[in-house]
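Take a look at the structure set out below.
Heavy atoms only: backbone and side chains are in, while hydrogens, waters and symmetry mates are out. These numbers come from a predicted model, not from an experiment.
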Amino acid sequence: MEQLVNFIIRPPRAEYNPESDLLDEEFMLKGKWYQRKDIEVKNGRGDVLQCSHYVPLVSPEGKPLPCVIYCHGNSGCRADASEAAIILLPSNITVFTLDFSGSGLSGGEHVTLGWNEKDDLKAVVDYLRADGNVSLIGLWGRSMGAVTSLMYGAEDPSIAGIVLDSPFSDLVELMLELVDTYKFRLPKFTVKFAIQFMRKSIQKKAKFDITGLNTIKVAKSCFVPALFGHAIGDDFIRPHHSDRIFEAYMGTWAIPEVGFFPDSSTASKATSSTSDAINQVRSKRPMSRTEVPSDIPSEEHLPGCQDKDTVDNGSSSSNMISFELSNGHPFDPHVTTTMDDDQYVEYQLDDLTGFPCNVEEEERFFIDGFRCLWKP
């Protein structure tokens, strides 16, 4: 259980060398020179954020240019913005990127999947506006960064536009889908206990409530023009997350055409030089990727619960059976939401010590659980 908690709030930090893994301090794209300015910004909690701003070496006409802030994903870092910079800079759009608190080379102990990262983003926006060298500001977020961008955009309607690449719609649902990777049969009420344990543990360690990270609710109050993108084969954050956020977004208003991004004639002028530059960046350092931990023991090596009657070794559907938490929200609209108390959901935890393996143990676990709840 603790392994999943740590996977959420303390994933491995991205390791990189700014001298070799970021774009050069001065570099050429399509015959024009650009530079990388490394900056430190302090967030409201006192953490120092390591940032980089990619800008033309000589600003066209000496005027402020629009800026896109690239927001990396879980286990990512500012080096992931290199491809975005290569795409946007030739269109006279500067790119600002940062290591969120708890990520990369920035200060901070925990990752909060958008909760505190939203405040990091605010500190960066405040810095750029105080600097006075940018005009319009847009956001480009990937995974956790997409959630962060959406949450901040709902509070700052002056943002010109946001790109939402693979956001999750609800953190609790995402956690359930992740542990669904390790199939194991557990009673429905046990899964509820597990989620409540993780919620309390994360609140204690990282000081945020996982039930508060619901981007569908946020999307209903966001009026910033948005572009959604999600890979069909994404097995970490599944595409239906973006579908649900998009539906909530479209239910609020019709997204108008805006003039922040380059016009179609400019966008269509992609050349082989851009592709070559991106391929060169990828060969140096692939974009960060978040994966489910692979070191959780297999079913046959899990402690306890070795009774063949309680383990389903046959084929089973990969779809997660729906159940409800205290707010009554079903976690999968494609399956029935009615379940009897003696039904089982296919679910897995990394440590099954103490969990029931038969009817007698289930009853004892249930009684002990309520004794703990009512203990003075």
Side-chain angles (χ1 to χ4, degrees), residues 1 4-11 43-45 47 71-76 100-103 108-122 139 141-156 159 162-180 191-192 194-222 224 226 228 230 234 236-249 252 290 292 320 323-333:
M1 187 78 70
L4 180 60
V5 170
N6 290 331
F7 174 63
I8 297 295
I9 63 173
R10 187 53 280 156
N43 65 16
R45 300 180 304 280
D47 301 321
C71 303
H72 65 76
N74 189 19
S75 295
F100 283 117
S101 55
S103 298
E109 183 178 359
H110 293 112
V111 170
T112 60
L113 297 174
W115 190 270
N116 288 333
E117 288 77 8
K118 170 175 61 69
D119 298 329
D120 298 343
L121 186 52
K122 180 181 186 304
L139 309 176
R142 179 169 176 253
S143 186
M144 176 185 79
V147 172
T148 303
S149 299
L150 180 56
M151 294 179 67
Y152 180 78
E155 297 181 358
D156 185 354
I159 294 298
I162 53 178
V163 176
L164 303 175
D165 178 357
S166 310
F168 59 81
S169 59
D170 184 277
L171 179 55
V172 173
E173 177 180 357
L174 176 62
M175 292 170 65
L176 294 174
E177 291 175 352
L178 290 178
V179 296
D180 188 48
V191 180
K192 294 181 180 180
I195 292 298
Q196 289 302 319
F197 171 84
M198 287 186 285
R199 178 187 182 188
K200 292 179 180 179
S201 179
I202 291 174
Q203 280 180 312
K204 181 179 180 180
K205 292 183 176 181
K207 306 298 189 292
F208 80 101
D209 189 346
I210 59 175
T211 63
L213 278 174
N214 185 314
T215 51
I216 294 178
K217 295 179 181 178
V218 175
K220 294 178 181 179
S221 60
C222 186
V224 176
F228 288 79
H230 210 121
D234 192 338
F236 182 74
I237 300 178
R238 301 174 188 176
H240 68 80
H241 286 270
S242 282
D243 291 338
R244 293 174 184 175
I245 301 172
F246 178 77
E247 290 171 1
Y249 224 99
T252 304
T290 305
V292 178
M320 182 172 56
F323 67 88
E324 297 182 358
L325 292 179
S326 58
N327 60 2
H329 172 67
F331 283 94
D332 194 329

Heavy-atom donor-acceptor pair, [X] side chain to [Y] backbone, under 3.5 Å:
{"X": "Glu117", "Y": "Thr112", "result": "yes"}
{"X": "Asn43", "Y": "Asp47", "result": "yes"}
{"X": "Arg199", "Y": "Ile210", "result": "no"}

Considering non-hydrogen atoms only, spot the tightest contact between [X] and [Y] and give its length.
{"X": "Cys222", "Y": "Gly153", "answer": "SG-C, 3.7 Å"}
{"X": "Pro167", "Y": "His230", "answer": "O-CE1, 3.9 Å"}
{"X": "Asn74", "Y": "Pro11", "answer": "OD1-CG, 3.0 Å"}
{"X": "Glu177", "Y": "His240", "answer": "OE2-NE2, 2.8 Å"}
{"X": "Gly114", "Y": "Met144", "answer": "N-CG, 3.9 Å"}
{"X": "Val111", "Y": "Ser103", "answer": "CG2-OG, 3.7 Å"}

Problem - Min side-chain heavy-atom separation Val172-Thr211 under 4.5 Å - result: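 Yes, side chains in contact.
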
Practice task
Decide yes or no for Glu173 and His241: does some side-chain heavy atom of the first lie under 4.5 Å from some side-chain heavy atom of the second?
Solution key: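 Yes. Closest side-chain heavy atoms under 4.5 Å.
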
If you round to the nearest 0.5 Å, how far is [atom2] of [Y] from [atom1] of [X]?
{"X": "Ile245", "Y": "Ser169", "atom1": "CD1", "atom2": "OG", "answer": "5.5 Å"}
{"X": "Leu150", "Y": "Ile159", "atom1": "CG", "atom2": "CD1", "answer": "12.0 Å"}
{"X": "Ile237", "Y": "Asp165", "atom1": "CD1", "atom2": "CG", "answer": "9.0 Å"}
{"X": "Cys71", "Y": "Leu139", "atom1": "SG", "atom2": "CG", "answer": "5.5 Å"}
{"X": "Lys217", "Y": "Asp170", "atom1": "NZ", "atom2": "CG", "answer": "8.0 Å"}
{"X": "Trp115", "Y": "His110", "atom1": "CH2", "atom2": "NE2", "answer": "16.0 Å"}

Exercise for the section: State which residues pass ring pair (Phe, Tyr, Trp, His ring centres under 6.0 Å) with His72; sequence neighbours excluded, sorted by chain then number. Expected result: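 Testing His72 for ring pair (Phe, Tyr, Trp, His ring centres under 6.0 Å), a comparison that skips the adjacent residues, returns Phe100.
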
Exercise for the section: Would you mind telling me which of Val218, Leu174, Leu113 makes a side chain to side chain contact (heavy atoms under 4.5 Å, CB included) with Leu213? Expected result: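 Of Val218, Leu174, Leu113, side chain to side chain contact (heavy atoms under 4.5 Å, CB included) with Leu213 is met by Leu113 alone.
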
Exercise for the section: Quick one: list whatever passes side chain to side chain contact (heavy atoms under 4.5 Å, CB included) with Lys207, sequence neighbours left out. Expected result: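 Counting only residues at least two positions away or on another chain, Lys207 forms no side chain to side chain contact (heavy atoms under 4.5 Å, CB included).
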
Problem - Greater than 12 external heavy atoms within 6.0 Å of Lys122's NZ - result: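 No, because the 6.0 Å sphere around NZ of Lys122 holds 12 heavy atoms or fewer from other groups.
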
Handout entry: salt bridge (charged side-chain N to carboxylate O under 4.0 Å, His left out) against Glu155, all qualifying residues, sequence neighbours excluded
Key =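 Glu155 satisfies salt bridge (charged side-chain N to carboxylate O under 4.0 Å, His left out) with Lys118 only.
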
Handout entry: Distance-only donor-acceptor check, side chains Asp120 and Ser101, under 3.5 Å
Key =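 Yes - a donor-acceptor pair under 3.5 Å links their side chains.
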
Exercise for the section: Kindly determine whether Leu164 and Thr215 satisfy side-chain contact (heavy atoms from CB on, under 4.5 Å), including the steps that lead there. Expected result: CA-CA 11 Å; Leu164 303 175; Thr215 51; over 6 Å; no

